[in-house]
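The shown structure was predicted, so the numbers you read here are calculated from the model rather than taken from an experiment.
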Amino acid sequence: MNLVETIRIGLRGVTANRLRSGLTVLGILIGVAAVIVLVAVGNGSSLAVTQSIEKLGTNTLTIRHGSFGPPGSGGQTQFKDLTVADATALMDATVAPDVKSASPVVSSGTTCTFEGTSYDTSVTGTWPSYFEASNNTIASGDYFVNDDVVNSRRTVVLGQTVVDELFGTVDPVGSEIICAGTPFTVTGVLETKGSSGFSDSDDVIIAPLTTVQSHLTGYGSLDSILVQTASADVQEAAQSEVYAILDDRHDTTDTSSRDYQVLNQASLISTVEDTSQVFTVLLGAVAAISLLVGGIGITNIMLVTVTERTREIGIRKAIGASKSAIMGQFLVEATVLSIIGGVLGVLTAILVTRFQIAGTTPVILPISVIGAFGVSVALGLFFGSYPANRAASLRPIEALRHE
Amino acid sequence: MTPVISLQQVTKVYGSGEATVHALRGVDLVVERGDYLAIMGASGSGKSTLMNIIGALDGATAGHYELDGINIDSLDESGLSIVRNRKIGFIFQSFNLIPRTTAQSNVELPLLYRGVGRKERAARATAALESVGLANRGHHEPNELSGGQQQRVAVARALVAEPSLLLADEPTGNLDSQSTKDVLDLMDVMHQQGRTIVMITHEDDVANRADRVITLIDGLVSADRWNRPRGQRSRTVTA
């Protein structure tokens, strides 16, 4: 008896009791869909975080002010300020060849108003090199330039969220907004970067460093220095150069208790990826359990089917069905159930992942589709083999006597 | 010519110790090609056991059995299934059609397990159904057919694979008198076409349709009589 005939008989068995087959299929469907969807959610949130970090610039180092060593270990009692001079020192092409630019950054939370509309946000004061380093591009109008910094001109570049809040549909370029009592002229609007789910990268106002210092923050320590490296490949080299320069300038005696910290985007991304991978594996494992339960459902229903159809098996054997023909029939039935469940599960997963789940856009991992489907088929074969073998081993006279 | 059935000192013992039952105590039986044999006996006489052994559904404890020249004693499970498929056509008391499966598909089943192609299967099954007078019932499922019709489908299924032996176990036991007559007439026709038939029954008038009747008592052949000489069939029953 060939495979096609075996499959045809198996299919007939599946359709003979539609409700029961349907419920068994449902078990597999839920398992397969859960695996794919949960892995897609994990993958999606991982991608979202990675992308939002990448938007900040992939080849940058952020130098933050303050001690981040273990408490009580500080050898230095005196914190040195992070200064513009530090930033300038980092751009020494001979000592730090891998640093492309270093932009001092100060920021201050403030309320800005435009024609009676007010909005709470923060103003970042920096140099023009910040735009390139932080991956910000102008959508309309223009960047401010070095001359604006030198002359402390009251010019600002707005993020799209700020534009939406203050101006609505009006073109803001050329208008004047008032932040903390100081009027600023809008020279440009940034290209939108989108929300990452955690923070809105478009909720920014960027102004010349000197202007922000004189009107908002004062001339204390910088909040941070954004260093752009020559390329993503030389991050490690650039980081050592930064350490060398700043350790010297800040009289660091103990490298474990610096009064500043260097954050590396690349290492941040890999940390986040590692974390979210663990998260994805956990989600997948939970879903895999439900797939396993679905598989046990197949065994259960096939055992019931074999018992219920003992007489039929006896008849088939009396007519001359070989052991392998009976085995094949019930294996095909189990596998058909699991394949239908697998296909429907994949379709359900594709449908479900079109929607946002828990704030993340799920991104289906192709391997999870292939894996979940493959496992469901294997489950059918594995969990179907015990009942099928039981059916095939029935002795014909006893099976015929069964009522 | 090789006999279709040749049993030599066949015994069958069930259980062991005090619960031992000697179902067959040494049966010798030769059935030639074209014979129409009825096996009679009271319940517990061993006729069902004999039928199972003849039908290659069960093995004998001791003795020798040849079916159509094939030594059945030495066959394994898969060998037995091939013998059942090629050499024997079963007709059961309770019809034993596969439920939720059309008459046509039921009749095709032995051919399916033999590996006959789809078209040939369909043609032969249709012809077999025609020969039992159910040409227009092929697409009906067993529960849509009367008992007599179901048994005629079963006869078609037993015939379709052209077996050497037609083995009927109380074929009329569950039928009314008209259906009984229909099925027995059908078997007479099969006999006239030269088929070898072994029928188990406990009804005398059913047994009298056969050429030869053997009676089992306590696992032994106690009587063996011929209703009419071999090959000399009266034609009145089919008129």
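Contacts between B:Leu97 and chain A at a heavy-atom distance below 4.5 Å involve the backbone alone (N, CA, C, O). Contact annotation for A:Glu398: neither backbone nor side-chain heavy atoms come within less than 4.5 Å of a heavy atom of chain B. For B:Ser48, no part sits under 4.5 Å from any heavy atom of chain A, backbone or side chain. Using a 4.5 Å cut-off between heavy atoms, B:Arg157 touches chain A through its side chain atoms alone.
When only modelled atom types and interatomic distance are considered, A:Gln356 and A:Thr361 share a side-chain donor-acceptor pair under 3.5 Å. Between the side chains of B:Asn71 and B:Glu66, no donor-acceptor pair is found at a separation under 3.5 Å. A donor-acceptor pair shorter than 3.5 Å can be found between the side chains of B:Tyr113 and A:Arg316.
Comment: A:Arg20 engages A:Glu308 in a salt bridge, judged by a side-chain N to carboxylate O separation of less than 4.0 angstrom.
In this structure, the side chains of B:Arg137 and B:Val153 stay at 4.5 Å or more apart for every pair of heavy atoms. The side-chain heavy atoms of B:Leu29 and B:Ile214, taken from C-beta on, include a pair separated by under 4.5 Å.
Chosen from A:Ile315, A:Ile397, A:Leu400, A:Thr15, the residue pairing most often with chain B at heavy-atom distances under 4.5 Å is A:Ile315. If you tally non-hydrogen atom pairs under 4.5 Å between each of B:Leu80, B:Leu57, B:Asn96 and chain A, the highest count goes to B:Asn96. Between chain B and the residues A:Arg309, A:Arg395, A:Lys317, the most heavy-atom pairs under 4.5 angstrom are made by A:Lys317.
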